[in-house]
Amino acid sequence: NAGVTQTPKFRVLKTGQSMTLLCAQDMNHEYMYWYRQDPGMGLRLIHYSVGEGTTAKGEVPDGYNVSRLKKQNFLLGLESAAPSQTSVYFCASSYLAGGPFGRGTGELFFGEGSRLTVL
Amino acid sequence: QKEVEQDPGPLSVPEGAIVSLNCTYSNSAFQYFMWYRQYSRKGPELLMYTYSSGNKEDGRFTAQVDKSSKYISLFIRDSQPSDSATYLCAMTQRRAGTASKLTFGTGTRLQVTL
């Protein structure tokens with residue numbers, strides 16, 4: 001089972017360049033998320049989606065855009081990269097509340113991360 | 001002040017020790033409490049979750065929630081070198097039909113030595 005797959009795993013950008021991170025999940029999850037993880041800051045939610053064609057802002061959305069054209073994919077875009085966006089980015093997905101496993105906790109399943117450095 | 005506070009460590013213990021990891025929080029509306037484990041250069045994975053107050057045990061791991069004190073704990077018994085990882089607490093208000101917008105602690109790095 002692939003679970004949540006992120007590409008690319010590593011990328012170095014120059015200030016002002018643009019790029020897109022791709023997240024794909026094969027668990028038929030409704031919800032998908034993009035987080036960034038920085039030392040001393042923990043995981044912070046950038047944007048999320050509650051279904052195909054929908055997106056919403058999280059805690060730190062500035063400088064990022066997202067799209068969810070297909071249920072299994074969630075794209076994170078940086079239009080003009082800045083050094084402050086150097087971080088490790090994690091994609092995650094979850095079931096609806098009270099999903100097939102009945103947990104109702106909305107457990108997040110994470111990808112392995114994408115390390116982005118902006119020079 | 002952050003909504004969730006967690007000591008970053010690092011915490012170094014010998015193999016076989018009992019480990020106590022803790023988080024405090026300020027939002028009394030949090031109802032679901034989770035512990036994620038993150039190995040180096042990997043994504044977090046859910047270790048345990050609890051709803052509201054109380055204890056939950058799973059093998060060598062015990063999660064405790066004290067809502068009156070806004071304090072949660074994770075205990076690891078008979079710690080193993082394979083437990084060496086960063087442990088993240090997370091919590092959410094979680095209303096039915098909404099996304100799991102978790103609030104995470106910064107994580108505590110644990111090193112279990114031989």
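Protein chains get the first letters and strands the later ones, always in sequence-line order, with residue 1 at the start of each. All heavy atoms count here, side chains included; hydrogens, waters and symmetry mates do not.
- Residue-environment remark: NZ (A:K57) stays at or below the threshold of 12 foreign heavy atoms within 6.0 Å.
- Atom NZ of A:K70 has 12 or fewer neighbouring heavy atoms from other residues, nucleotides or ligands inside a 6.0 Å radius.
- For the pair B:Y36 and A:L43, the minimum side-chain heavy-atom distance is 4.5 Å or more.
- Hydrophobic clustering, with ILVMFWY side chains joined whenever heavy atoms are under 4.5 angstrom apart, groups A:L76 together with A:F74.
- Side-chain heavy atoms closer than 4.5 Å link hydrophobic residues (I, L, V, M, F, W, Y) into clusters, and following such links, even through other members, never connects A:V4 to A:W34.
- For A:Q37, the part sitting under 4.5 Å from any heavy atom of chain B is the side chain, from C-beta outward, and nothing else.
- Summarising the local packing, CD of A:E79 is surrounded by 12 or fewer heavy atoms from other residues, nucleotides or ligands at distances under 6.0 Å.
- If you chain together hydrophobic residues whose side chains sit under 4.5 Å apart, B:L46 and B:V4 never meet in one group.
- Contacts of A:R44 with chain B are absent, with no heavy-atom separation under 4.5 Å from either backbone or side chain.
- Annotation: the span from B:M34 atom CE to A:E107 atom CD amounts to 8.5 Å, rounded to 0.5 Å.
- When heavy atoms are compared at a cutoff of 4.5 Å, B:Q38 approaches chain A solely by way of its side chain, counted from C-beta outward.
- Listed by first and then second residue, the disulfide (SG to SG under 2.5 Å) pairs that reach into residues 12-46 of chain A are A:C23-A:C91, sequence neighbours excluded.
- The neighbour count for B:K42 NZ, taken as heavy atoms of other residues, nucleotides or ligands under 6.0 Å away, does not exceed 12.
- Connection of B:I72 to B:L88 is not established within any shared hydrophobic cluster, with ILVMFWY side chains joined at heavy-atom distances below 4.5 Å, either directly or through further cluster members.
- When heavy atoms are compared at a cutoff of 4.5 Å, B:P8 does not approach chain A at all.
- For a heavy-atom cut-off of 4.5 Å, chain A lies close to B:F104, B:G105, B:T106 in residues 103-114 of chain B.
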